[in-house]
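Report on one structure; see the data block that follows.
Owing to the predicted nature of the structure, the values given are computational and were not obtained by experimental measurement. Counting starts at 1 for both ligands and their atoms, following the listed order. For the single chain, residues carry numbers from 1 onward in sequence order.
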Amino acid sequence: MTALDVNALTALLSAGEVSAVEVTRAHLDRIAADDATLGAYLHVDGNAALAAAAAVDEARAGGAALGPLAGVPVALKDVVVTEGVPTTSGSKILEGWRPPYDATVAERLKSAGTVLLGKTNMDEFAMGSSTENSAYRVTRNPWDPDRIPGGSSGGSSAAVAGHLAPWAIGTDTGGSIRQPAAVTGLVGHKPTYGSVSRYGLIAFSSSLDQAGPMARTVLDAAVLHEAIGGYDRRDSTSIDVPLPRLADAARAGATGDLAGLRIGVVTELGGEGHSDGYEPGVLARFGEALEVLAGLGAEIVPVSCPTFDLALAAYYLIAPSEASSNLARFDGVRFGLRVGDDGSHDLDEVMALTREQGFGPEVKRRIILGTYALSSGYYEAYYGQAQKVRTLISREFAAAFDRTDGAGVDVLVSPTTPTVAFPIGSRVDDPIAMYAADLCTLPASLAGVPAISVPCGLSEGLPVGLQVMAPGLADDRCYRVAAALEAAQDAARGHRLLDELPARTTA
Ligand code: GLN
């Protein structure tokens, strides 16, 4: 049961061939067997999960009309606030905090009848690309336990890739859904900014943060996205328009017809003259995937977006600036950890001691960087400049997607990451090398446009991802193209197996 995708699971559940309790127990058994090694979860409450599953089974037995996701287990990144369930955002400063309310994402999944398996590990406050910045534990890549599962949503990627959850929620500020999905062989989608509620996500960089789905198939990702997405009046940046039909787009894509679609290959993301730092195996798989897409009828054209080269620099000013402001609320007074409150320290000292002991090195680095970039005299030179670059990046996307004169493209593509999963420990002392993991994902984050990562083969036995970026609110295009590639690759894999068949039978 843990090997099935959600589409298959829901069919079995609604036909009554398996119960929600059986499905949940299968995943809990798998967690008990493998999570000591993988380190995907920070918190699992088996009894609560089984009780929730039993309630679904009872309702079904009583003839209640249940939604299609009733009884399907799910894992949530620990940045998503969950009522009564420990939520730490990967930080010691929130140790022991049990939120008094549910994030909109958690609430929507609950009311759809999904069963919460647990909360997944992450880089502290979602700052990182390897999950090594978690204050709690190391998470390992199921493809190779000596390698990182990506980050910051590395607990979610390891859980889904290792079959410790059928799917999971991640959050993406600069790449934290797409990059971990890419390096663990999953599908991960960062929705259009404002189309999935941020209410109850512990804020890192509010103008960039978005929650989204991580799954083993494109269709599953689309279905999970539909379950969490849509307008929420409790998020002031929520967009009040209906989501496009994402699961339908995935199904349409899977028919393999991309005729009439124009796909732009971003030169600055691994193309000619810009391939420094990109592994040859990654570029090879990307190139082959482009041939597959062309074979499905898409027209492939190069597109140059020169300011994408500045995305990394702009992001690492904007995100830390917003973080320095957002993280000021962790002062030892209102949430979680409090240090030095023994009568011998005054309030300022308690705050300083709490922040000193509660925050890890990367979080402190970002708070210092962000405070500096926002300080008087430097604001215009750093933060202000970065915002101008952000505008230019948005304009380049808009120009690329402008099809009024017949030019322009429907989607842009690139590799999702410059390299496959790197070894644990290899970048943790080199923040700049760690930041480079997001080279390809940052432009879409800064512009707020949707982007998906879909598997496109292996390099040295490790997964490679292809990124599809679309105009704002056209998330359906990401799913359509990703599903077409997925279906073509599945078909190719099937043919290869068939080719091998006679040899195997004779053997
Ligand atoms: N790796 C990037 C960072 O450290 C992006 C993280 C994210 O998307 N949450 O900021």
Cation-pi check, R427 onto F422 ring (under 6.0 Å, within 45° of axis): yes
Check: Y101 ring centroid to Y199 ring centroid under 6.0 Å: yes
May I ask whether [X] places a heavy atom under 4.0 Å from ligand 1?
X: A319; value: no
X: R366; value: yes
X: Y315; value: yes

Over all atoms of both residues, closest heavy-atom pair of R108 and Y231: NH2-O, 2.8 Å
Under 4.0 Å from a heavy atom of [X]: which atoms of ligand 1 are those, numbered in the order shown and with their elements?
X: A126; answer: 6 (C), 7 (C), 9 (N)
X: S129; answer: 1 (N)
X: S152; answer: 9 (N)
X: M127; answer: 4 (O)
X: D438; answer: 1 (N), 2 (C), 5 (C)
X: Y316; answer: 1 (N), 2 (C), 3 (C), 4 (O), 10 (O)

Proximity to ligand 1 by part of F204, non-hydrogen separation under 4.0 Å: side chain
Part of S176 with heavy atoms under 4.0 Å of ligand 1, whether side chain, backbone, both or neither: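 Under 4.0 Å from ligand 1, S176 contributes backbone and side-chain atoms.
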Parallel, tilted or perpendicular: rings of Y316 and Y435 (30°, 60°):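 Judged by the thresholds at 30° and 60°, the geometry between Y435 and Y316 is parallel.
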D475 side, atom CG; L473 side, atom CG - distance, nearest 0.5 Å: 7.0 Å
Contact list for residues 443-457, test side chain to side chain donor-acceptor pair (under 3.5 Å), sequence neighbours left out: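 Checked against side chain to side chain donor-acceptor pair (under 3.5 Å) - neighbours excluded - the pairs reaching residues 443-457 are R178-S445, T416-S453.
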Over 12 non-hydrogen atoms of neighbours within 6.0 angstrom of OH in Y382: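 Result for OH/Y382: open.
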With sequence neighbours excluded, residues passing ring pair (Phe, Tyr, Trp, His ring centres under 6.0 Å) with F308: F397
